[in-house]
Chemist: 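What follows is a single structure, and I will ask about it in a moment.
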2 protein chains.
Amino acid sequence: MSEQREPAARTTYRHGDLRGALVEAGVEMAREGGPRAIVLREATRRAGVSPNAAYRHFEDRLALLHAVSDACLGFTADRIEQELTAHPPTGDPVADARMQLRAVGLGYIAFAREEPGLFRTAFSVPDDLRRANVPEKAGRGGRTPFELVGAALDSLVDAGVLPAARRENAEFLAWAAVHGLGMLVIDGPLRGLDDRMIDHSTARLLDMVERGL
Amino acid sequence: MSEQREPAARTTYRHGDLRGALVEAGVEMAREGGPRAIVLREATRRAGVSPNAAYRHFEDRLALLHAVSDACLGFTADRIEQELTAHPPTGDPVADARMQLRAVGLGYIAFAREEPGLFRTAFSVPDDLRRANVPEKAGRGGRTPFELVGAALDSLVDAGVLPAARRENAEFLAWAAVHGLGMLVIDGPLRGLDDRMIDHSTARLLDMVERGL
DNA sequence: TGACCGTTGTGGACAGTGTACACATCGATG
DNA sequence: CATCGATGTGTACACTGTCCACAACGGTCA
């Protein structure tokens with residue numbers, strides 16, 4: 001029925017940017033189907049290249065998955081930034097700082113709902129704090145989701161809303177709450193609830209974080 | 001090197017409880033390796049049966065995964081109940097209700113840390129609210145994790161700590177926070193932090209929930 | 001008692017996957 | 001222009017999920 005992704009029989013022997021093409025293909029597969037749908041051979045097919053060519057750029061299927069996962073984190077960052085610009089500062093530092101943190105949460109949840117496959121892929125692979133801010137995980141704005149939460153929390157401290165003593169590692173708490181909600185929405189018990197219900201739960205969760213941080 | 005799980009060449013043609021054996025084998029594979037490590041053929045091998053025999057009990061590999069996932073939810077419930085009995089009521093209804101909710105959270109996080117493979121498996125498969133309390137997801141105590149959070153929240157209302165108006169769907173908020181932390185601990189940025197650090201984050205998260213609910 | 005039939009397990013086959021190894025083709029660099 | 005490292009190809013293998021036809025059982029009913 002529909003043409004496959006440009007087999008486009010390239011004319012040169014070299015591909016030019018095979019690594020990039022493979023990651024892009026991986027992202028497309030992950031979009032519908034999540035991390036399990038990322039299959040190495042299919043990625044090479046879409047890139048118009050033989051299966052083994054992938055091994056010049058990735059050690060493993062898992063290495064490809066890692067790269068795709070990092071890219072998905074970047075998309076998450078993009079969605080958060082989009083929400084941030086949708087809620088520009090008003091001049092009231094307290095309200096603005098609060099809004100900034102909310103925007104981060106809203107963007108995060110929005111991404112989970114709009115792109116469940118990519119969201120799942122972003123977290124399908126073990127990670128740790130040292131890699132939390134590598135540039136591969138950054139969005140077009142150059143910042144990673146982790147940095148974006150951190151910045152919002154810093155604003156809260158600057159505005160005097162959050163006591164400095166509670167700032168340390170507060171990322172973990174805020175992130176955990178929002179991340180958990182994201183997961184529950186896409187394949188936990190909240191799945192299938194209507195949008196209004198989810199919006200409402202999101203708002204309440206953000207209230208909880210604001211109040212409880 | 002090590003003997004495989006009892007090939008135990010059975011003498012009868014019928015297995016007796018193949019379905020159960022397959023789920024058990026699946027759990028064992030999930031324990032080390034998570035959901036991806038659940039492979040149908042290997043499960044039949046461990047059960048001492050031909051690969052196709054599995055199809056008399058499960059439509060699919062995915063159906064097996066579902067069954068294993070449900071079992072993992074049951075183990076989660078068990079771990080929570082264990083934490084509940086480790087913190088028996090003292091007589092003060094307010095403190096007891098608070099402790100009950102904390103125990104649920106502590107058990108949940110403890111399970112994630114002790115059995116990351118099973119924890120991941122429990123949530124590796126789409127679910128929804130209607131199936132949240134099916135008996136397959138219950139632990140030995142007969143209650144599902146979802147019911148256990150709910151009961152804790154009810155206690156908070158009874159003790160007058162949580163306004164009844166905020167009770168509805170509060171499961172989602174509490175669950176989201178704790179679930180998110182669990183995920184971050186096993187393969188998110190909190191991974192690899194030392195135990196004391198994680199304990200501390202857990203305590204702070206539970207404070208946040210208590211304060212913010 | 002024995003014929004029957006649904007349930008459970010078997011055997012063989014197939015397409016698809018990840019990956020290893022040897023080989024081919026290129027572009028930059030001397 | 002010869003050389004060499006980097007990139008892509010071809011062939012092969014073990015393994016997976018799953019389909020199909022067949023085999024062995026055990027309860028049911030004459």
Side-chain angles (χ1 to χ4, degrees), chain A residues 4-30 32-69 117 121 124-126, chain B residues 4-30 32-69 117 121 124-126:
Chain A
Q4 199 58 289
R5 257 256 183 276
E6 45 191 322
R10 74 185 180 291
T11 164
T12 54
Y13 183 78
R14 307 297 227 262
H15 177 285
D17 181 23
L18 181 51
R19 192 196 146 90
L22 291 175
V23 171
E24 195 170 339
V27 167
E28 238 38 60
M29 293 185 268
E32 32 182 330
R36 280 176 224 165
I38 300 180
V39 21
L40 202 150
R41 285 179 102 108
E42 172 67 15
T44 60
R45 237 171 271 135
R46 295 193 187 186
V49 106
S50 92
N52 285 323
Y55 288 88
R56 299 296 166 192
H57 301 272
F58 299 99
E59 175 129 11
D60 247 351
R61 172 183 177 276
L62 208 66
L64 171 60
L65 210 175
H66 256 92
V68 174
S69 161
T121 305
S124 65
V125 103
Chain B
Q4 200 57 290
R5 257 260 185 275
E6 46 192 323
R10 75 184 179 291
T11 165
T12 55
Y13 183 79
R14 305 299 227 263
H15 177 286
D17 181 23
L18 182 51
R19 192 196 146 91
L22 291 175
V23 171
E24 194 169 340
V27 167
E28 238 38 59
M29 292 185 271
E32 31 182 329
R36 279 176 223 164
I38 300 180
V39 21
L40 203 150
R41 286 180 101 108
E42 172 68 14
T44 61
R45 236 171 272 137
R46 295 192 187 189
V49 106
S50 91
N52 285 322
Y55 288 88
R56 298 296 166 193
H57 302 272
F58 300 99
E59 175 129 9
D60 247 351
R61 173 183 177 277
L62 209 66
L64 171 60
L65 210 176
H66 256 93
V68 174
S69 161
T121 305
S124 65
V125 103

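Protein chains get the first letters and strands the later ones, always in sequence-line order, with residue 1 at the start of each.
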Chemist: How close or far is atom C1' of C:dG27 from atom CZ of A:R56, stated in whole angstroms?
Modeler: 16 Å
Chemist: Using a cut-off of strictly less than 4.0 Å, decide whether A:H57 has a side-chain nitrogen or oxygen near OP1 or OP2 of D:dA6.
Modeler: no
Chemist: Taking the side chain as C-beta and beyond, is there a heavy-atom pair between A:S124 and A:H66 under 4.5 Å?
Modeler: no
Chemist: Ignoring backbone atoms, test whether B:R45 places a side-chain nitrogen or oxygen under 4.0 Å from the OP1 or OP2 oxygen of D:dT16.
Modeler: yes
Chemist: Atom CE of B:M29 to atom C1' of D:dG17: distance rounded to whole Å?
Modeler: 13 Å
Chemist: Have a look at B:M29 and tell me which of B:T121, B:V68, B:V39 forms a side chain to side chain contact (heavy atoms under 4.5 Å, CB included) with it.
Modeler: B:V39
Chemist: Starting from P on D:dT18, measure out to OH on B:Y55 and report it in whole angstrom.
Modeler: 4 Å
Chemist: What is the distance, to the nearest angstrom, from the CG atom on A:L65 to the C1' atom on C:dG18?
Modeler: 13 Å
Chemist: Tell me which of B:R14 and B:N52 sits closer to the 5' end of DNA chain C, going by the nucleotide each one is nearest to.
Modeler: B:R14
Chemist: Between A:L64 (CG) and C:dT19 (C1'), how many Å, whole number?
Modeler: 14 Å
Chemist: Let me spell it out: for each of B:T12 and B:I38, pick the nucleotide of DNA chain D with the closest heavy atom. Which residue's pick is nearer the 5' end?
Modeler: B:I38
Chemist: Nearest heavy-atom pair of B:P35 and B:G117: which atoms, and what distance?
Modeler: CD-O, 4.3 Å
Chemist: Rounded to whole Å, how long is the line connecting atom CZ of A:R61 with atom C1' of C:dT17?
Modeler: 10 Å
Chemist: For the pair made of CZ in B:R36 and P in D:dG17, what is the distance, rounded to whole Å?
Modeler: 15 Å
Chemist: Calculate the interatomic distance between B:L40 atom CG and D:dC19 atom P; express it in whole Å.
Modeler: 11 Å
Chemist: Classify the nucleic acid contact of A:R41 as base, sugar-phosphate or nothing, counting any heavy atom under 4.0 Å across all strands shown.
Modeler: base
Chemist: Is B:F58 close to B:V23 at the side-chain level, that is, under 4.5 Å between some pair of heavy atoms?
Modeler: yes
